[in-house]
Amino acid sequence: MATAEVFLSVLMLVIIVVSLLSNTVVLICFLYNPEIRKQVPCVFTLNLTFCNLLLTVSNMPLTLAALINEGQPGSDAFCQFVGFSETFLTTNSMLSMAALSIDRWIAVVFPLRYHSRIRHRDAALVLGYTWIHSMSFSTAAACLSWVGYRPLYASCTLSDVTENSHTPFVIFTVFFHSLTFLLSFLVLCVTYLKVLKVARFHCKRIDVITMQTLVLLVDIHPSVRERCLEEQKRRRQRASRKISTFIGTFMVCFAPYVITRIVELFPSVPIDPHWGVVSKCLAYSKAACDPFVYSLLRNHYKKTCGDIINRLLKPSSLNASGPGHHHNHETRGRNNIVQTEGGCVVV
């Protein structure tokens, strides 16, 4: 193996490990905390987590094996099934991100009507659409024999295996990416930019109230005034940073791969084989980023992770204290009993 293949193999292995661990932690938090399960967005988050986990354990290892062995992993029938699952899972995860952005938009723009508009039943209907949408494209590609091993990406994915239907395959590929990647990207931009607009409006209102308070408090200490102004600045940047993370990770991870797939449709344009694998690794890396972007950096999940760690460490700390600790504790307890005329009082 050349140096480039070794580097790509190590990168693929790191993505697999991070994706597997992070998505498993999200699933454990979901099962552990009933408060997380009560939230409507957890339906989309759970679906996204399962898609990422299945993609991690089914498709990513085969891409790693193809990089190491420099060839197709398994038979043609097996590769077609893997390509079918990759198309379905990737499409489903993109649409789940779009559904999460719509849920966040309704929660921020219509906070008083959110619980009446979005219920678990409504979330299940949206989830059903994402499954039908994903299954339609993956099934059509499999039935038309447009799924197979593609050496450019070292993976089983959409591919014109027969090479006898180039024009229909081009139309299908453009149509597929338009209704998956491009549609999801437009939904993310529209919804999150509206959320950012509302967030900035509320920040301005808070800033006005803060400045009026600072003007009235003439005797306020300068350090307190500086902290208030710094908090204003952080508040304005926080919303922009979150929105940039949602849209930025989607574009950075998926755009290079989708653009490469479109450029690949023109045979006259050469594509470096290493770049094809890099773009595929970037697309896979979204499965490792999603747990942090949508779950683990939120307060509910942080608190749940802390509770789980404390619960795991608590028995070990009690065992490490040993029987002597309990004996000393009982001795101190007896020494803290103070005799009085009317009996005893425990201090």
For S279 and Y153, test the side chains for any donor-to-acceptor distance below 3.5 angstrom and give the result as yes or no. no
inquiry  = Hydrogens and angles aside, do S19 and T56 bring a side-chain donor and acceptor to less than 3.5 Å of each other?
reply    = yes
Parallel, tilted or perpendicular, judged at 30° and 60°: which one describes the rings of F246 and Y294? parallel
Notebook entry, point to check: Parallel under 30°, tilted from 30 to 60°, perpendicular over 60°: which one fits the rings of F172 and W146?
Noted result: tilted
Contacts satisfying salt bridge (charged side-chain N to carboxylate O under 4.0 Å, His left out) that involve residues 83-104 (not counting sequence neighbours) are E86-K280
Paired with L152, the side chain to side chain contact (heavy atoms under 4.5 Å, CB included) test is passed by just one of E264, R261, H274, namely E264
Between T45 and the options Y301, F30, F50, the side chain to side chain contact (heavy atoms under 4.5 Å, CB included) test singles out Y301
Inset, instruction - Identify whether the distance between the nearest side-chain nitrogen and carboxylate oxygen of R311 and D307 falls below 4.0 Å. - result: no
When rounded to the nearest 0.5 Å, the distance separating CG of L193 from CD1 of I243 is 7.5 Å
Original post:
Hey, does F88 have a side-chain heavy atom less than 4.5 Å from the side chain of F137?
Top reply: no
Please walk me through it: do H133 and Y129 pass ring-ring contact (aromatic ring centres under 6.0 Å, His included)?
-> CA-CA 6 Å; H133 188 127; Y129 168 75; 5.5 Å; yes
Closest non-hydrogen contact found for A98 with V187 is O-CG1, 3.8 Å
Do C29 and C305 have their SG atoms under 2.5 angstrom apart?
no
